[in-house]
Chemist: 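Encoded as structure tokens, here's the structure I'll be asking about.
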Amino acid sequence: MRLSKKIVLFSLLGLCLVFVAFRNSDKYFLIAKNLDIFAAFYRELNTYYVEDLPPEKLMHRGIEAMLEETDPYTDFVPEENLDELRFMATGKYGGVGASIYTDGDWTAITDVYEGSPMAKAGVKPGDIIVSLDGKSAKGMAQEDVSSILKGNPGTVLNMVFRHPLNGQETPRRIVREDINVKPVSFAGVIRNDIGYIKMTQFTENSGLQVQESFEQLKKSNPQLKGVVLDLRGNPGGLLEEAVTLSNIFIDKHQLIVSTKGKVKSWDREYKTMQPAVDLNIPLVVLTSRSSASAAEIVAGAVQDLDRGLVVGQRSYGKGLVQTTRPLPYNAKLKVTTARYYTPSGRCIQAIDYSTRNEEGEADYVPDSLRRSFTTAAGRPVKDGGGIEPDAKVESTMLSQVAVTLLRKQYIFDYATRYYYAHPQVKPAAEFSLTEAEFEDFGEFLDGKDYSYKTRSEEALEMFRNTAEREKYFDGLSKEFEALQAKMKHDKKQDLLRNKTEIKQLLEEEIMNRYYPQQGRIEKGLSWDKDVDEAVALLHQPEKYQQLLTGRKN
């Protein structure tokens, strides 16, 4: 009897293996079959079509069509775009060290990185590019200007700049260098006793740079009561750097993230390798809707292991891991190979690309399908929608007038004028525009076009369109016109109504001229609601512990 059961068991196992083998061979046959069809189709089309077809363009179209069936992070990278891939990994590129903005016919310098070739040549924000290596920049597209500015370190670029105020043209000789965008854009002490570190990307050695910044803060300020790690707007980067950064505050041998994909031999657990730099200092991690990938790994590990609090807004929700694979002719395939999971076991991927609607569009994981997990202390957390903050702060929306002033570059232009009129100013944390200077900004705007529709006006216009489609508008036209007249806005009144935020934007842009990169951040900290909440929690140990342990009063 026992022998017959064994025979049946082995027979079933054999059938399963045959079925799996058949299924795999069937799949490989379909791949080979369709590759043959594709090659034959292209050969016949290329041979007999009435016009010549560009082979590279045609093949790239085919690749793009295949990529539409995947997620947005899986991509084909031709050889000419490899520099972008290297920059994402290293934070380095060959160039001049400046940001640009094209408005109409001309391109202007918006930021000059400290110590860069542009800074060494004396170029200032607001300077207008007249020519590049003898070629006029008038009418040149921004991406074309950017492409010329980049290049191998050591190569020379001869440029002519026009002063933004007096119009004087000056030639400059720029020698390109390796530009290393620092992952830590600001580190300092705020509110007297709280350390603050702003990290912008997870590139090579970025975790070590955060550690060095933290150790320097502790050394300079022995009475430090807590630290705020700002990952807002951080798009992520290298997974290993997320583990290194986590290790600053989380002790060795702790699981930070695990990855699981189709190729099981590639599944891996990433644990901290070194003793923590500081296991006890109170920690707050700031996140926003654009904190993604490696930034979410750090926030998720800090939250799941109850090492600190997450404050701000729910993060982006990118729980997918990409790997680069080599292709012929130095091209690369950047392909999603796995999902990553936080220490509690949750994947925070917000959009389900495996399920699509009839139009082929992927959608967010509905709240009803998000599963619950628990942190080390038993606090409830969920998967499928980014990292939910422990203390949520509503995001601030700029007014339409402020958005328009930024988009039209009027705030930028006024900051340029202010810079040349004031050789010296107070430190960023102390600087403030006077009432007279804000009035001067209003006069600067006189005669300039910054027309816009308020959100209320846009909603009213949408209502009108809908009412006309549904044939209700004729009966409502008088009421509509009366409401439209009441809502008509006065631009100067809107300036005064939104004075506080416009003044803040002006002060940040002006400080960026005197203290590049750091000035804007330091000034912005003065009215940052997320930072205020983080500091308040770090100054209230009881409330901090209550949120951390999940206990209530």
Side-chain angles (χ1 to χ4, degrees), residues 86-88 90-101 107-129 145-146 149-157 159 161 163-164 170 172-190 195-206 208-217 220 230 232-234 237 411-412 415-416 418-420 422-431 505-526:
R86 292 192 193 101
F87 174 69
M88 291 170 62
T90 65
K92 296 179 182 178
Y93 68 94
V96 298
S99 300
I100 59 173
Y101 176 80
T107 297
I109 303 297
T110 56
D111 282 284
V112 177
Y113 304 153
E114 192 175 2
S116 69
M118 282 286 202
K120 293 173 183 175
V123 178
K124 303 289 184 183
D127 286 355
I128 298 162
I129 300 173
V145 176
S146 178
L149 294 178
K150 294 174 183 176
N152 293 327
T155 56
V156 175
L157 178 62
M159 303 178 68
F161 292 93
H163 193 282
T170 306
R172 306 278 188 190
R173 183 178 183 272
I174 315 290
V175 181
R176 297 183 183 93
E177 296 178 10
D178 258 331
I179 307 300
N180 188 2
V181 179
K182 296 177 181 178
V184 177
S185 56
F186 182 83
V189 176
I190 57 176
Y196 172 86
I197 300 172
K198 172 72 174 176
M199 187 195 186
T200 58
Q201 56 190 347
F202 285 80
T203 50
E204 286 178 359
N205 299 315
S206 57
L208 181 60
Q209 290 185 45
V210 173
Q211 179 177 328
E212 290 171 350
S213 297
F214 175 61
E215 289 175 333
Q216 184 59 45
L217 285 176
S220 305
D230 191 347
R232 291 174 299 175
N234 189 315
I411 286 176
F412 177 86
T416 300
Y418 189 96
Y419 173 76
Y420 284 107
H422 301 80
Q424 291 183 326
V425 293
K426 292 180 179 180
E430 302 172 22
F431 175 79
L505 293 170
L506 282 166
E507 288 173 1
E508 288 180 23
E509 185 60 46
I510 289 169
M511 286 301 93
N512 194 51
R513 303 306 173 90
Y514 296 92
Y515 313 103
Q517 285 79 60
Q518 295 201 10
R520 177 183 279 120
I521 296 171
E522 189 172 3
K523 188 66 217 173
L525 291 172
S526 305

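Remember, it's a predicted structure, so these values are computed and weren't measured experimentally.
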Chemist: So does R86 get a backbone contact from the side chain of T90, meaning a donor-acceptor N/O pair under 3.5 Å?
Modeler: yes
Chemist: Side chains of F186 and L525, heavy atoms from C-beta outward: is any pair under 4.5 Å?
Modeler: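 They are in side-chain contact.
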Chemist: Could you state the interatomic distance from CZ (R232) to CG (D230), rounded to the nearest 0.5 Å?
Modeler: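 Result: 4.0 Å between the selected atoms.
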Chemist: Quick one: closest heavy-atom pair of I174 and A121, and the distance?
Modeler: CD1-CB, 3.4 Å
Chemist: Please examine the side chains of T107 and Y101, heavy atoms only from C-beta on, and report whether any two atoms are closer than 4.5 Å.
Modeler: no
Chemist: According to side-chain hydrogen bond (donor to acceptor under 3.5 Å, both in side chains), who are the partners of E114, at least two apart in sequence or on a separate chain?
Modeler: none
Chemist: I'd like to check the side chain to side chain contact (heavy atoms under 4.5 Å, CB included) partners of A429; sequence neighbours left out, ordered by chain and number.
Modeler: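 Only E522 meet the side chain to side chain contact (heavy atoms under 4.5 Å, CB included) criterion with A429.
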Chemist: Is any side-chain heavy atom of R520 closer than 4.5 Å to one of E508?
Modeler: yes
Chemist: Suppose we screen for salt bridge (charged side-chain N to carboxylate O under 4.0 Å, His left out). Which residues come up paired with K120, at least two apart in sequence or across chains?
Modeler: E177
Chemist: If you take all heavy atoms of V112 and V123, which pair is closest and at what distance?
Modeler: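 Looking at all heavy atoms of both residues, the shortest contact is CG2-O, 3.7 Å.
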Chemist: Do H422 and Y514 have their ring centres less than 6.0 Å from each other?
Modeler: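 They do not qualify: ring centres at least 6.0 Å apart.
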Chemist: Side chain of K198, backbone of Q518: donor and acceptor closer than 3.5 Å?
Modeler: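 Not a single qualifying donor-acceptor pair exists.
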Chemist: Taking R176 for its side chain and L149 for its backbone only, find out whether a donor-acceptor pair lies under 3.5 Å.
Modeler: yes
Chemist: Considering non-hydrogen atoms only, spot the tightest contact between T203 and G91 and give its length.
Modeler: CG2-N, 3.5 Å
Chemist: Looking only at heavy atoms, which two atoms of E509 and A415 are closest? And how far apart?
Modeler: CG-CB, 3.4 Å
Chemist: Carefully, step by step, assess I197 and L217 under the rule side chain to side chain contact (heavy atoms under 4.5 Å, CB included).
Modeler: CA-CA 9 Å; I197 300 172; L217 285 176; 3.9 Å; yes
Chemist: Tell me, with the steps shown, if N512 and K523 meet side chain to side chain contact (heavy atoms under 4.5 Å, CB included).
Modeler: CA-CA 9 Å; N512 194 51; K523 188 66 217 173; over 6 Å; no
Chemist: Any side-chain heavy atom of F431 within less than 4.5 Å of one from I510?
Modeler: yes
Chemist: I would like to know whether H163 and I128 meet side chain to side chain contact (heavy atoms under 4.5 Å, CB included); could you show each step before the answer?
Modeler: CA-CA 7 Å; H163 193 282; I128 298 162; over 6 Å; no
Chemist: Hey, does I109 have a side-chain heavy atom less than 4.5 Å from the side chain of K124?
Modeler: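 Side-chain contact under 4.5 Å: no.
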Chemist: Walk me through it: do K92 and F87 pass the test side chain to side chain contact (heavy atoms under 4.5 Å, CB included)?
Modeler: CA-CA 5 Å; K92 296 179 182 178; F87 174 69; 5.7 Å; no
Chemist: Indicate the atoms forming the closest heavy-atom contact of S185 with I521, along with that distance.
Modeler: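 Looks like OG-CD1, 3.3 Å.
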Chemist: Do N234 and P183 touch side chain to side chain, with heavy atoms closer than 4.5 Å?
Modeler: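 Side chain of N234 against side chain of P183, heavy atoms only: no contact under 4.5 Å found.
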Chemist: For T110 versus P125, what's the shortest heavy-atom pair and its separation?
Modeler: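 Shortest heavy-atom separation between T110 and P125 comes out as O-CB, 3.6 Å.
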Chemist: Check the side chains of S220 and Q216 for a donor-acceptor pair under 3.5 angstrom, ignoring hydrogens and angles.
Modeler: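 Their side chains do contain a donor-acceptor pair, which is all the 3.5 Å distance test asks for.
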Chemist: Is any side-chain heavy atom of S146 closer than 4.5 Å to one of I100?
Modeler: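 Yes, side chains in contact.
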Chemist: Side-chain contact, heavy-atom cut-off 4.5 Å: T416 with R513?
Modeler: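 T416 reaches R513 side chain to side chain.
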